[in-house]
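Sequence lines set the chain letters: A, B, ... in the order given, protein chains first and strands last, and positions in each chain run from 1.
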Amino acid sequence: MEPRGTLTGSLTSEASKHRRSIMEEKYFPQEIEERQQARWKAAKAFEVTADPARPKFYCLEMLPYPSGRIHMGHVRNYTIGDALSTFKRMTGFNVLHPMGWDAFGMPAENAAIKHGARPDQWTIENIDSMRSQLQRLGFNYDWSREIATCTPAYYRWNQWLLIEMWKKGLVYRRKATVNWCVKCNTSLANEQAEGGFCWRHEDTPVEQRELEQWFIRVTHYADELLDSLAELEGGWPERVLAMQRNWIGRSRGAEIDFEIDGEAKQTVRVFTTRIDTIFGASSLILAPDHPLLNEWAEAGKVSAEVLRFREEQAALTPRERLEEGREKTGVFTGWWAINPFSGAKLPIWTANFVLTGYGTGAVMAVPAHDERDFDFSQKYGLPIRRVIVPAGSDVSRNDPQAEVSLPYTAKEESAQLIHSGEWSGLTIAEAQQSMIARAEQRGFGQSRVNFKIRDWGISRQRAWGTPLPFIHCPVCQIVPVPAAQLPVELPADLNFKTPGAPLAEHRAFVETSCPSCGGPARRDTDTMDTFVDSSWYYSRYCDPGNESLPFDPAVAAYWTPVDQYIGGIEHAVLHLIYTRVWTKIMRDLGLLNFGEPITRLLTQGMVCLATYRCEEHDWLHPNDVIEGRCRHCQRPVTVGRIEKMSKSKKNTIDPDEMIRIYGADTVRLFMLFAAPPEKDLEWSEAGAEGASRFLNRVWRITWKWHTLLPPTEAGGAEDYSGAARALRRKTHQTIERVSRDIGDRLQFNTAIAALMELTNELYAFDSQLPMDQVSSSDRFVIREALESLARMLAPLTPHLAEELWSGLGHQGLAVQTAWPTFDQKLALEEELEIPIQLNGKLVTRLIVPAGIAEDALVELAVTNPRIVQRLEGRTISKTIVVPGRLINLVAR
RNA sequence: GGGGAUGUGGCGGAACCGGUAGACGCGCGGGUCUCAAAAACCCGUUACCGUAAGGUAGUGUGGGUUCGAUUCCCACCAUCCCCACCA
């Protein structure tokens, strides 16, 4: 690929005011950082436009919620993206690197309730202070594309998109049992109520409520969501793919109707993935709130015991249900069903472990081949009938009634059916196929695929969100707001003081007329889940000012999909599923031409710090621990685990304070150096000092030489001393390593290690030069090393890099110059150190010229005194030569 | 119970396709400079034995494949994360 120079043309005269060509002797990060930031801004250095003639790279970091302060997790996330963006720009890509704000959400509303603040003003103030924090870190965002999701200019497109989806039947409204968090005072989507608790309030179990809700038809895309994960293989972390597969939860099986004994027309439908075990079914089990059971209860067709059981189950809160543990309980309903395959009469039970929400809410219990059914049937004395046996077991000896001590649940390919009528002797797979065919032919069942994933409930009973753009008319029912009337804006004068939904109480907002019949009508007073905002924001950045569409499809076609996305693992089944669904929908609406929004995903590790606890003062900040004692009360403290920085555990470090002490470049360098990006990282003051020390070393060696260097000119190889050739070699080897570590592997830690090695080599070279008679070729070699170093630091520590680059006499911006290229010939070693092994064990190492012939090298090895001595008269039976790497001599 | 990772010096980590284990940094020890200190620079730093040259062991444990294994395979142990009565 051809490296490219500047993106935005030459420096304006405004920008050159900020440039200084003479370096200071000492490195003052705060001073140079401010200066370089002003220079980038004046040069509009990071503003880009679509240019189909050039290759693009879209680098995106998950947009932050504007809480008011950035934390170290943000710094790490954005430093990684920033380094990659600059690297890509320097290697010739047209790089889109935007930033924005996920600006709707609860904290703004809570501030309004608590302090009477206006959520919009509270949010805007937070955005302003966070933006300036990010700018102090010197990130290369194209700020001209900044978005905030709480602005009507943005959320009108949430509304527009939702209406388009509604027209296509991908959005619908229905009454549903939903998860309700009392702390959030709103309903939640399934993904946001994992394990029965609210995702924002981990100690708050969700309640179930019946509400009219808006849903996005995620299940329409369930198969594709699962299957196209294969496209992401290699680009996404394996564990994210696994979590999504799990969450989507496809299972293939069959639905079978069981006739109710004595009610010929009535059937119970069950879902099973193991139709092959149906001859082993010993009962049917209904969920306690199964519709058929409701019907029987209303008609007085079940016993008082059944009624009591149903009431008990209905009264359980999710927490009690969890605390109840795995204990399975149930009661016999008094009814019987007919197994359509065997004709056997099976008792119908109801039990707590059968869930309404999955499958049909009814199961056939096969205790011999399912753990749950086994536990339940044993407890209540239901028969356990064995119908599958491993291959090779003596079928004649397998009495179906013989005691089963453990269920046989393995699905070995070779296992076969017994005591299953005409299917006996078939394998599991054969039986499944044949039995489903029979059920379909006789009309009592069919094959069926079930998913764990549900449609996405997006209604929220909150005020600080996108209003749902629908009008409820007593005559015309649900009518979408006409496109010309969008956006439906949030009123500025909402009353947060009284409990309840502020939008619903705002009469001027609610009362409207029907766009269809003109009669009086009411607006929908729910708002959208904030995950709607972040599901498509990546495409808005391509064309953020568009007033007639969410974005121009032609412009988006250039920039999207996102080439590299960077963010935390916590969104593996939230945001990262929603944005995949939403992208497929936008594709089907004709706005995009692909289905997967993110080509490569990096989930960066957390920023951690040790935790401390005192009996009296609870969690302590590490600075409040002095020699193992609490600063306030002198009591000894308990040392906790190293954990993610959090306010509640008081183990946070303020990025601003660190920038004040060390400068942004040092903080950034430490973040990239201390651990590979996907691993957790422990903040360490000593580590930050180490990073700062390295930058000072680079500064000093550049300062020493910057006025003594000749203009750039390469001599022939013969013009250089051995030491100078070695430094050139190191320079070119370093360029090769750093290019690969950043470009291919995203391993910034090893890239920085390589730059440290180059710096060490420069010092070593420098220390052996007599200052009064340095040759011009020596000075060239030093220039080459220093300039390469400055440019390779540009993605990592851009302010310092700019200063060095200017100091070395360059006019343009370092972050816009071409990435240095390496010469393979110059990178080649002249001498090699070849380890000599005897029977795989290292004996000695030989220093040989790089071009040595193989037989000459072997000759050196076998005649080496150490080898001869170790051979003790044995002969060498085999010689293994790995060219350029090692020799292994085998002797027995 | 299911799924996914991870295990290497005092610490963070490196080792690309099976080929010199411990790059780079932190910490620690020693030295140079200084009246002194800081900073900076230089040297050393896996463990054990040895003044040294050198030797032996060594990548969670036990096996296997291989001329050769941190790397591949099998079993086990430990830790972390996610999901979890999903039929």
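- At the heavy-atom level, A:R448 lies nowhere under 4.0 Å from the strands shown.
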Worksheet item: Please walk me through it: do A:W703 and A:Y27 pass ring-ring contact (aromatic ring centres under 6.0 Å, His included)?
Response: CA-CA 10 Å; A:W703 181 81; A:Y27 170 46; over 10 Å; no
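- Stem analysis of RNA chain B (at least three stacked-register Watson-Crick or G-U pairs, each with both distances under 3.5 Å) gives B:1-7 with B:77-83, B:10-12 with B:24-26, B:27-32 with B:40-45, B:46-49 with B:54-57, B:60-64 with B:72-76.
- Side-chain atoms of A:T272 lie closest to B:rA87 of the nucleotides B:rG68, B:rA87, B:rC24.
- With B:rA21, B:rG27, B:rG55 as the choices, the nucleotide that has an atom nearest any side-chain atom of A:L842 turns out to be B:rA21.
- In this structure, A:N749 reaches the sugar-phosphate backbone alone: every heavy-atom distance under 4.0 Å involves primed, P, OP1 or OP2 atoms, never a base.
- Each of A:N696 and A:N839 has a nearest nucleotide on RNA chain B; the 5'-most of these lies closest to A:N696.
- Using modelled atom types and a 3.5 Å distance limit, the side chains of A:N651 and A:T611 yield no donor-acceptor pair.
- Residue contacts for A:V354: at a heavy-atom cut-off of 4.0 Å it reaches a base atom on one of the strands shown.
- Taking 4.0 angstrom as the limit, A:R245 places none of its side-chain polar atoms (N or O) nearer than this to OP1 or OP2 of B:rC82.
- Within the model, atoms CD1 of A:I275 and CZ of A:F341 stand 4.0 Å from one another, a figure rounded to the nearest 0.5 Å.
- For the residue pair A:S251 and A:N450, no side-chain donor N or O sits within less than 3.5 Å of a side-chain acceptor on the partner.
- The pair A:R729-A:E830 meets the salt-bridge criterion, since a charged nitrogen lies less than 4.0 angstrom from a carboxylate oxygen.
- By the 4.0 Å N-to-carboxylate-O rule, A:R76 lies too far from A:E678 to be salt-bridged with it.
- Relative orientation of the A:W456 and A:Y578 rings is parallel, given thresholds of 30° and 60° on the angle between their planes.
- For residues 736-743 of chain A, proximity to RNA chain B is found at A:R740, defined as any non-hydrogen atom under 4.0 angstrom from a strand atom.
- Along RNA chain B, the nucleotide nearest to A:R693 and the one nearest to A:K878 differ in position, and the one closer to the 5' end is contacted by A:R693.
- As a whole-Å value, the separation of A:K452 NZ from B:rA87 C1' is 13 Å.
- On the C1' atoms, B:rU61 is 15 Å away from B:rU8, given to the nearest whole Å.
- The P atoms of B:rC82 and B:rC11 are separated by 26 Å, rounded to the nearest whole Å.
- Side chain to side chain, A:D766 and A:W705 meet the donor-acceptor criterion of an N or O pair below 3.5 Å.
- By the 4.0 Å N-to-carboxylate-O rule, A:D227 lies close enough to A:R250 to be salt-bridged with it.
- Judged purely by distance below 3.5 Å, without hydrogens or angles, the side chains of A:D276 and A:Q432 pair a donor atom with an acceptor atom.
- Heavy atoms of A:G690 sit under 4.0 angstrom from primed sugar atoms or phosphate atoms, though from no base atom.
- Across B:rA14, B:rA84, B:rA87, the shortest atom-to-atom separation from the side chain of A:W247 is found for B:rA84.
- Side-chain N/O atoms of A:T879 include none lying less than 4.0 angstrom from OP1 or OP2 on B:rC67.
- Formation of a donor-acceptor pair under 3.5 Å by the A:S692 side chain with backbone atoms of A:A688 is not found in this model.
- Judged by the 6.0 Å and 45° rule, A:K328 forms a cation-pi pair with A:F353.
- Rounded to a whole angstrom, the distance from the C1' atom of B:rC43 to that of B:rC48 is 23 Å.
- Out of B:rC67, B:rC26, B:rU20, the shortest distance to the side chain of A:L886 is found at B:rU20.
- Across the protein-nucleic acid pair, A:I880 atom CD1 and B:rG68 atom P stand 8 Å apart, rounded to whole Å.
- In this structure, CG of A:D766 is placed 13 Å from C1' of B:rA40, rounded to the nearest angstrom.
- For the pair A:K730 NZ and B:rC24 P, the computed distance is 8 Å after rounding to whole Å.
- Looking only at distances, a side-chain donor or acceptor of A:S646 sits under 3.5 Å from a matching main-chain atom of A:K649.
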Item to complete: Evaluate the criterion ring-ring contact (aromatic ring centres under 6.0 Å, His included) for residue pair A:F673 and A:F748; output intermediate values, then yes/no.
Response: CA-CA 6 Å; A:F673 180 60; A:F748 300 99; over 10 Å; no
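- In B:rG9 the O4'-C1'-N dihedral to the base is within 90° of 0, which defines a syn nucleotide.
- The base of B:rC85 sits with one of its N or O atoms less than 3.5 Å from a complementary donor or acceptor on the side chain of A:K328.
- No contact: A:E689 has no heavy atom under 4.0 Å from any strand.
- B:rC73 shows a glycosidic angle more than 90° from 0 and is accordingly assigned anti.
- Within 4.0 Å (heavy atoms only), A:P676 reaches sugar-phosphate atoms of the nucleic acid but no base atom.
- Across B:rC72 and B:rG18, the matching P atoms stand 7 Å from one another, rounded to whole Å.
- The gap from the C1' atom of B:rA53 to that of B:rG63 amounts to 38 Å, rounded to the nearest Å.
- The pair A:D744-A:R740 fails the salt-bridge criterion, with no side-chain N (NZ, NE, NH1 or NH2) lying under 4.0 Å from an Asp/Glu carboxylate O.
- Remark: the separation of the P atoms in B:rC16 and B:rC67 is 22 Å, to the nearest Å.
- Relative to the side chain of A:E757, the nucleotides B:rA87, B:rC24, B:rA84 differ in distance, and B:rC24 lies closest.
- Taking the P atoms as reference points, B:rA23 lies 44 Å from B:rA84, given to the whole Å.
- Closest to the side chain of A:A686, out of B:rA15, B:rC26, B:rG19, is B:rC26.
- B:rC80 atom P lies 20 Å from atom CD of A:E570, rounded to whole Å.
- A:Q733 has its CD atom 17 Å from the P atom of B:rC16, to the nearest Å.
- Nucleic acid contact for A:N450: none, since no nucleic acid atom lies under 4.0 Å from a heavy atom of the residue.
- Counting only heavy atoms from C-beta on, A:Q747 has its side chain closest to B:rA14 among B:rA14, B:rC24, B:rC81.
- A:R845 comes within 4.0 angstrom of a base, heavy atoms only.
- A salt bridge links A:E238 to A:R245: one of the charged nitrogens lies within less than 4.0 Å of a carboxylate oxygen.
- If you measure from atom NZ of A:K841 to atom C1' of B:rG58, you get 10 Å, rounded to the nearest angstrom.
- One interatomic measurement links the two molecules: CZ of A:F748 to P of B:rG25, which rounds to 20 Å at whole-angstrom precision.
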Worksheet item: If the sugar-phosphate is the primed atoms plus P, OP1 and OP2 and the base is the rest, what is the B/S/- string for nucleotides 2-12 of chain B, using protein heavy atoms under 4.0 Å?
Response: -SSS------S
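- Nucleotides B:rG50 and B:rG4 place their P atoms 50 Å apart, quoted to the nearest Å.
- The side chain of A:R870 sits closest to B:rG55 out of B:rA15, B:rG55, B:rC24.
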